[in-house]
Amino acid sequence: MPEHVSKIAASVSSGSSHDSVSCKDEAKVRLSINLVAAARWHLSFLQSFSDSVFTHRRAALRESIRRYAELWMPLMSELSKNSQTTPMLLPPADVACVWHCHVLRPSLYRNFCLSRFGSVVERPIIFDEGNEEYASHRCRAIWAVHFPSETFDLEIYDVKDEEEEEEKDGILAAINEFDDLCKLFLDPFVGQTVYLVSARQKYRNFLHLCRKHGDKGRRLVPTSDVLLMWLTHQSFPGVYARDMEEFMGERKLESIAVGFGEKTDKEEVEETVRVWERAFDEPYEQAGVRLGRAGSPLRECFYWAYWASDSETNRKYKSLLPRSLMEVQVFVKGGWGETDLFFRVRTVRFHRRMKLVRPVSSSSSSWEKAWEFCCEFGTRGLVLDLRGRGGGGCFLKRKPIKESLIITWNEILRAPSLAVMKDLGSKMKAMISITPPVQAPYLLKIVPDRVTDDGGAMISDEILRMNQYCPQSGRWLSRSVLDCYGRECFVVRLRVGEGFWRRGAEAPRLVKKEERVIEVREGPWSYVASSIGKVPQRVVGSASPKEEEEKTATWVLSTGELLRIRWQSGLEFNVESENSLEKMRIEVGRKLQYKVKKTAPDEEEEFVTFIRYLPEFPEGRATALFNWRRLAVELLPEEDAVFVLIVCMAIVLAVTEMKTEDVAHLLVRRRVKEAMAGARDWESVMLPPLPSSSLSSSSSSSSSSVGLLRPWFWNPKEVFSTVAMEDAARPGYRYSPADGKDEIYRQALALSRETVVRHGW
């Protein structure tokens, strides 16, 4: 989360744990526990529960249930009766998981405790890591005294599979029911404070609604954020029972609301939405909040779960600025009673070509979702215009603005419900809802730039004059690495030639193959005149070629890895590292979260996926995706950007040699003008592929804008194709003799003259 967002979260969440909030009829819902802190602990616990080994073996699971029912619960009951407060003890991991699933079924847990111990056994409230460590050590000591023949940690390998017996207490059924609970809360923004504060407020409103409309017949269906708070509340049975008795009386919330895993029908959902909108005049489903267990469209398209990172993990390269992404939903309500009116949405900053258009519907008493999309926090906010058709004559194409709203993201983040509602005149309302910004992958593009010398200066007359006409030695193919906003982050260079090439009598000399090194420098160019400059001083990575067999390229990387690229029947990659125990694989095509359905083999050929295997991702996690034809790369903040750039450049050289053609336009040795920053920024706004996104063309938006608002790896050609790049790659451009002749660069790229002539270079 960005630093300024954290400050906003701190100001919103400040308050005591025993606070209450008034609803519309001044009914107060009192919560005896800090649900924000409890929910954050709950999410962490669910993650550990989903990774538990014992849940995957039935015999081990039954052993854990035995340890829970016959050892732990009698011990906690005895210690609780001898103390006025709940003992600060944390049980073994397997017992804790069984206990957690059991308390999430309040009636079952209450009957179990009353029938065996005469009172409900409460769970300790421990949210601090230091207290957790103390409670775990203390529990180990008490466990060793009371159960000397039982190990504290479950020894799974000693448990034998036996015939299953009938389970009478319903504990096994509870565990099976909540086994996949964690999957409902995978989105990384769910654990952020501003989201949890909003969820706590919505849970209070939901309780108020249940008390007021609980006798109407149909049950009320909670949204995912309300369900998180409800389950968190239930996970502390004593607190939950007291709060519900004080607020609901003898009625049980479980009989009024639909719990996790219970089936619901369409009528119950529609009734809940109708009652909620009538009571609070706001949409029930908002950004990051959904009904049912199905994931949001944005989660499916933009793989939120793989971005989970609480803080900026890149601390190594200052030139890489963090990028944050969030879900945005726009709702409208009411009507103007006029025809030929439409809404238009655009961002305050960046992507000026992005204009979403939607006609104004007839008057509606309920909220309608107009748009749903993913947006960068750097866009600052939205501009919502209500426009109409212009008059005749020369002003026929003009569409006058009847009403206009500007809503900033900071304004919404300061709102308790992560949503802001505003009036569009006296007849309509608009509401913008967002999720807290989460750290998103870096988006980089390698673009052509001028040839440089051994010292890193561009070959030019300006540099020559500054050096008192001393010839520039050496020639390097240079490329600038830009982020999605056009900022220069790195400079990548490939050494090609040596010697002084200013005078006509001097002949260029191609360096030996083992001297054609790749180097990466961090930072932007240091300009001395217009677009003429020098590379950054800091070298952050390099790669040296190594002699190898035919159709194989081997590179020794400064990051400690050995990279082998083979092209016998196709591209094959092998990465060896002596310093890292982490397994890594590089594969051709879009894999894992980057996988795209219904694609042609030629489209997959130009993509390369970097996959790392971590304890939390045993099946692999794609940390970077590279397109060697467009020289575009996306990488997670946890991945080493310099390592990825070096490998990408080595892949481009290997593909060029394999295909005997300049597939990535490496022979272009002049600066290519990119699109102006802010006009069509790369993925600053992205739409899910749904008809409800309502993207249509108008006089102010071109038909190509549809493709630009999709993830780049779905259609890289449309996103990255520019007229300037196409012109630069065409034959006939004459470079300065000082740069060196074409022949030396073709030899460095393993391109024969016949190949160059055949392709028209």
Side-chain angles (χ1 to χ4, degrees), residues 23 29 35 39 42-43 46 50 100-109 170 173-187 190 195 198-235 240 244 247-248 251-300 327 329 331 366-369 372 417 433 690 692:
C23 297
V29 181
L35 276 185
H42 192 192
L43 291 170
L46 288 177
S50 65
H100 187 76
C101 294
H102 200 188
V103 298
L104 292 183
R105 297 183 65 177
S107 299
L108 181 68
Y109 182 77
I175 296 174
N176 294 333
E177 180 181 349
F178 294 102
D179 185 31
D180 60 344
L181 177 61
C182 182
K183 296 179 181 178
L184 189 63
F185 309 114
L186 284 177
D187 300 326
V190 171
Y195 182 90
S198 173
R200 180 179 60 183
Q201 175 59 38
K202 198 168 182 180
Y203 176 58
R204 286 192 176 102
N205 292 345
F206 184 79
L207 291 178
H208 159 68
L209 212 60
C210 287
R211 187 176 73 167
K212 186 175 181 181
H213 299 274
D215 300 327
K216 303 297 182 181
R218 288 195 176 94
R219 298 177 301 169
L220 300 181
V221 184
T223 51
S224 56
D225 56 342
V226 171
L227 185 60
L228 171 63
M229 289 296 165
W230 187 14
L231 293 174
T232 301
H233 202 182
Q234 288 179 337
S235 61
Y240 179 74
M244 289 299 102
F247 186 71
M248 301 290 294
R251 292 184 297 174
K252 301 296 182 182
L253 184 59
E254 291 75 23
S255 63
I256 300 174
V258 178
F260 176 78
E262 296 182 9
K263 293 183 178 180
T264 183
D265 53 39
K266 184 179 180 181
E267 289 75 16
E268 288 178 334
V269 173
E270 292 176 349
E271 176 69 11
T272 305
V273 172
R274 184 184 64 80
V275 170
W276 181 275
E277 290 188 2
R278 188 173 59 186
F280 304 107
D281 191 23
E282 66 179 18
Y284 192 42
E285 283 189 283
Q286 299 179 22
V289 174
R290 57 195 178 278
L291 279 164
R293 302 180 64 174
S296 68
L298 293 175
R299 177 198 282 189
E300 299 299 324
E327 289 184 15
Q329 290 186 4
F331 301 88
S366 61
W367 288 94
E368 296 181 5
K369 186 191 298 183
E372 179 181 21
S417 59
S433 172
L690 294 174
S692 60

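Just so you know, these numbers use all the heavy atoms, side chains as well, and skip hydrogens, waters and symmetry mates.
- A heavy-atom distance below 4.5 Å is found between the side chains of Ile256 and Met248.
- To the nearest 0.5 Å, the span separating NE2 on His102 from OG on Ser235 amounts to 14.0 Å.
- Cys101 approaches Ala174 most closely through the heavy-atom pair O-CB, 3.8 Å.
- You'll find the side chain of Thr223 stays beyond 4.5 Å of the side chain of Thr272, heavy atoms only.
- Side-chain contact between Leu228 and Arg200 is absent, with no heavy atoms from C-beta onward closer than 4.5 Å.
- Residues meeting the side-chain hydrogen bond (donor to acceptor under 3.5 Å, both in side chains) test with Arg219, sequence neighbours left out: Glu262, Glu268.
- Counting all heavy atoms, side chain and backbone alike, Ser224 lies closest to Val289 at OG-CA, 3.7 Å.
- Here the CD atom belonging to Glu285 is positioned 9.5 Å from the CZ atom belonging to Arg290, to the nearest 0.5 angstrom.
- Between Leu220 and Val258 there is no side-chain heavy-atom pair separated by less than 4.5 Å.
- Ring orientation note: the planes of Trp230 and Phe206 are tilted relative to one another, at an angle of 30° to 60°.
- Shown here are the side chain to side chain contact (heavy atoms under 4.5 Å, CB included) partners of Ala199, two or more places apart in sequence or in another chain: Asp225, Met229.
- His42 meets the ring-ring contact (aromatic ring centres under 6.0 Å, His included) test with His100; sequence neighbours excluded.
- The two residues Tyr203 and His233 come nearest to each other via the heavy atoms OH-ND1, 2.9 Å.
- Glu327 places a side-chain N or O within 3.5 Å of a backbone atom of Gly288 that can act as its donor or acceptor partner.
- Going from atom OG of Ser107 over to atom NZ of Lys252 covers 6.5 Å, rounded to the nearest 0.5 Å.
- Counting all heavy atoms, side chain and backbone alike, Leu104 lies closest to Leu231 at CD2-O, 3.3 Å.
- Under a cutoff of 6.0 Å and an axis angle of 45°, Lys202 and Tyr284 form a cation-pi pair.
- Using modelled atom types, one finds a donor on one side chain and an acceptor on the other under 3.5 Å when comparing Gln234 with Glu254.
- One N or O on the side chain of Gln286 and one on the backbone of Pro283 form a donor-acceptor pair closer than 3.5 Å.
- With rounding to the nearest 0.5 Å, the separation of CG in Leu209 from CZ in Arg278 is 9.0 Å.
- Rounding to the nearest 0.5 Å gives a distance of 7.0 Å between CG of Leu227 and CZ of Phe260.
- In this structure, OG on Ser417 lies 9.5 Å from CG on Asn205, to the nearest 0.5 angstrom.
- Applying the ring-ring contact (aromatic ring centres under 6.0 Å, His included) rule to Phe331 yields no partners; only residues at least two apart in sequence or on another chain are considered.
- Not a single side-chain hydrogen bond (donor to acceptor under 3.5 Å, both in side chains) links Tyr195 to another residue, sequence neighbours left out.
- Ser198 meets the side-chain hydrogen bond (donor to acceptor under 3.5 Å, both in side chains) test with no other residue; sequence neighbours excluded.
- Evaluation of the side-chain hydrogen bond (donor to acceptor under 3.5 Å, both in side chains) rule for Glu282 yields Trp276 as partners, not counting sequence neighbours.
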Begin with the C-alpha distance, continue with both residues' side-chain angles, and end with the deciding distance and a verdict on side-chain contact (heavy atoms from CB on, under 4.5 Å) for Leu184 and Leu46.
CA-CA 10 Å; Leu184 189 63; Leu46 288 177; over 6 Å; no

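- Residues Leu253 and Arg211 are not in side-chain contact: their nearest non-hydrogen atoms beyond the backbone lie 4.5 Å or more apart.
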